[in-house]
2 protein chains.
Amino acid sequence: MDKTRMTKQRKTIINILKDTDTHPTAEWIYDQVKKEIPKISLGTVYRNLNLLAEKDQITVINYANEQSHYDGNTKNHYHFKCKNCKRIYDLDLDLFSKDLNKIANQNTNFKVSDHRLEFYGLCPICK
Amino acid sequence: MDKTRMTKQRKTIINILKDTDTHPTAEWIYDQVKKEIPKISLGTVYRNLNLLAEKDQITVINYANEQSHYDGNTKNHYHFKCKNCKRIYDLDLDLFSKDLNKIANQNTNFKVSDHRLEFYGLCPICK
DNA sequence: CTATTTGCAAACGCTTTGCCTGATT
DNA sequence: AATCAGGCAAAGCGTTTGCAAATAG
């Protein structure tokens, strides 16, 4: 059973997130919640965001707390990250590369020039 | 003209990056360079990595230095980031979603269960 | 009641930066 | 010789955490 409690802090954070499509930062959410709960702390916002992400009720875009990784290979290629050992592998599927941009351009009104595609799962060693 | 100088620190960092496909962190690179240049500082490694990335000689995988962004929409969807205004938009192209995993599975020996795809370019407001 | 959550503030970890010295062109 | 780059250490910044007080169930 789930021992989590629905505090007014948590409820407010969830509502704010469900009501926007601006993909906000913790700081922005914090500012919004403060309008309703002036004494809320930023730590509480982070704790709740992490909890919600763990329960897959929200998604984290660009997890900022990892180290940066660098790639000396500038040829266009994709990456695969093993969920188990965290290793990053190169993937040779540039077949789509141009197609993906084209499809995105044709189906939206953005001027798409680039994309980043990353796969996740288990590598040969871990599976 | 390019006023950058080819120091032995810079040269060593480039060589190390070109010689590996492990997508290392700054710290790992630092440890490698130290074997040749024991007095090199971590700051120098970072300065060079940033410089090389700016000149597109290397790629940064997951820029750790940005803030995290959160998405309350758990429906499978892609994102578009405007290079100019930095706004993040939703994109409705889940058409491929399953296909991309399938293709990756068929063409590699990884067990692919997931992926993240992000497009870049100019949004309607900025273009 | 009592275990979970909060507020607060301090700590953390990665990255950046200021200052001065050293090296490259 | 002039200016770019490096070393060192401190600062920056987003995020996490320890602790005591508050509160949901």
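Order of the sequence lines fixes the chain letters, A, B, ..., with proteins taken first and strands second; residue numbering starts at 1 for each chain. Side chains included, hydrogens not; waters and symmetry mates left out as well; all remaining heavy atoms used.
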ask   = Does a side-chain N or O from A/Gln9 land closer than 4.0 Å to OP1 or OP2 of C/dG7, or not?
value = yes
query = Just how far, in rounded Å, is P of C/dT6 from CG of A/Leu51?
reply = 9 Å
task = Starting at atom NZ of A/Lys3, determine the distance to atom C1' of C/dT2, rounded to an integer number of angstrom.
result = 11 Å
message = Within residues 16-26 of chain A, which residues have any heavy atom lying less than 4.0 Å from an atom of DNA chain D?
response = none
ask   = On DNA chain D, nearest-nucleotide positions of B/Tyr70 versus B/Gly43: which is more 5'?
value = B/Gly43
query = Is a donor on one side and an acceptor on the other found under 3.5 Å between the side chain of A/Asn101 and the backbone of A/Val112?
reply = no
message = Measure CG/A/Leu42 against P/C/dA10 and give the value in whole Å, please.
response = 15 Å
message = Tell me the interatomic distance from B/Leu49, atom CG, to D/dG6, atom C1', rounded to whole angstroms.
response = 14 Å
Donor-acceptor contact present, side-chain B/Lys18 to main-chain A/Gly72, <3.5 Å = yes
ask   = Taking all non-hydrogen atoms of both residues, which atom of B/Asp56 and which atom of A/Thr74 are closest, and how far apart?
value = O-CG2, 3.5 Å
inquiry  = Going by ring pair (Phe, Tyr, Trp, His ring centres under 6.0 Å), name the pairs with one or both residues in residues 3-36 of chain A, residues two or more places apart or in two chains.
reply    = A/His23-B/His79
inquiry  = If I take atom CD in residue B/Glu66 and atom P in nucleotide C/dT16, what distance separates them, rounded to the nearest angstrom?
reply    = 11 Å
query = So, is A/Ser41 near the phosphate of C/dT6, with a side-chain N or O under 4.0 Å from OP1 or OP2?
reply = no
request  = Take the protein atom CD1 of B/Ile40 and the nucleotide atom P of C/dG22, then report the distance between them rounded to whole Å.
outcome  = 17 Å
query = Got a donor-acceptor contact below 3.5 angstrom from the B/Lys127 side chain to the A/Asn109 backbone?
reply = yes
request  = Carefully, step by step, assess A/Tyr78 and A/His115 under the rule side chain to side chain contact (heavy atoms under 4.5 Å, CB included).
outcome  = CA-CA 10 Å; A/Tyr78 297 129; A/His115 66 265; 2.5 Å; yes
remark   = 5' to 3', nucleotides 19-25 of chain D under a 4.0 Å protein heavy-atom cut-off (B base, S sugar-phosphate only, - none) gives ----BBS
message = Strictly distance-based, threshold 3.5 Å: is any side-chain N or O of A/Arg10 a donor or acceptor partner for the main-chain N or O of A/Asn48?
response = no
key: Aromatic ring pairing A/Tyr89/A/Phe80, orientation class (parallel under 30°, perpendicular over 60°, tilted between)   = tilted
request  = Send over the distance from B/Asn50 CG to D/dA5 P, rounded to a whole Å.
outcome  = 13 Å
Which residue lies more 5' along DNA chain D, comparing B/Ile37 with A/Glu27 via nearest heavy atoms = B/Ile37
ask   = Should A/Asn48 be listed as having a side-chain N or O under 4.0 Å from OP1 or OP2 of C/dT5?
value = no
key: Nearest-Å distance for atom pair NZ/C1', residues B/Lys11 and D/dA5   = 14 Å
ask   = Going from OG1 on B/Thr7 to CD1 on B/Ile37, what distance comes out if it is rounded to the nearest 0.5 angstrom?
value = 7.5 Å
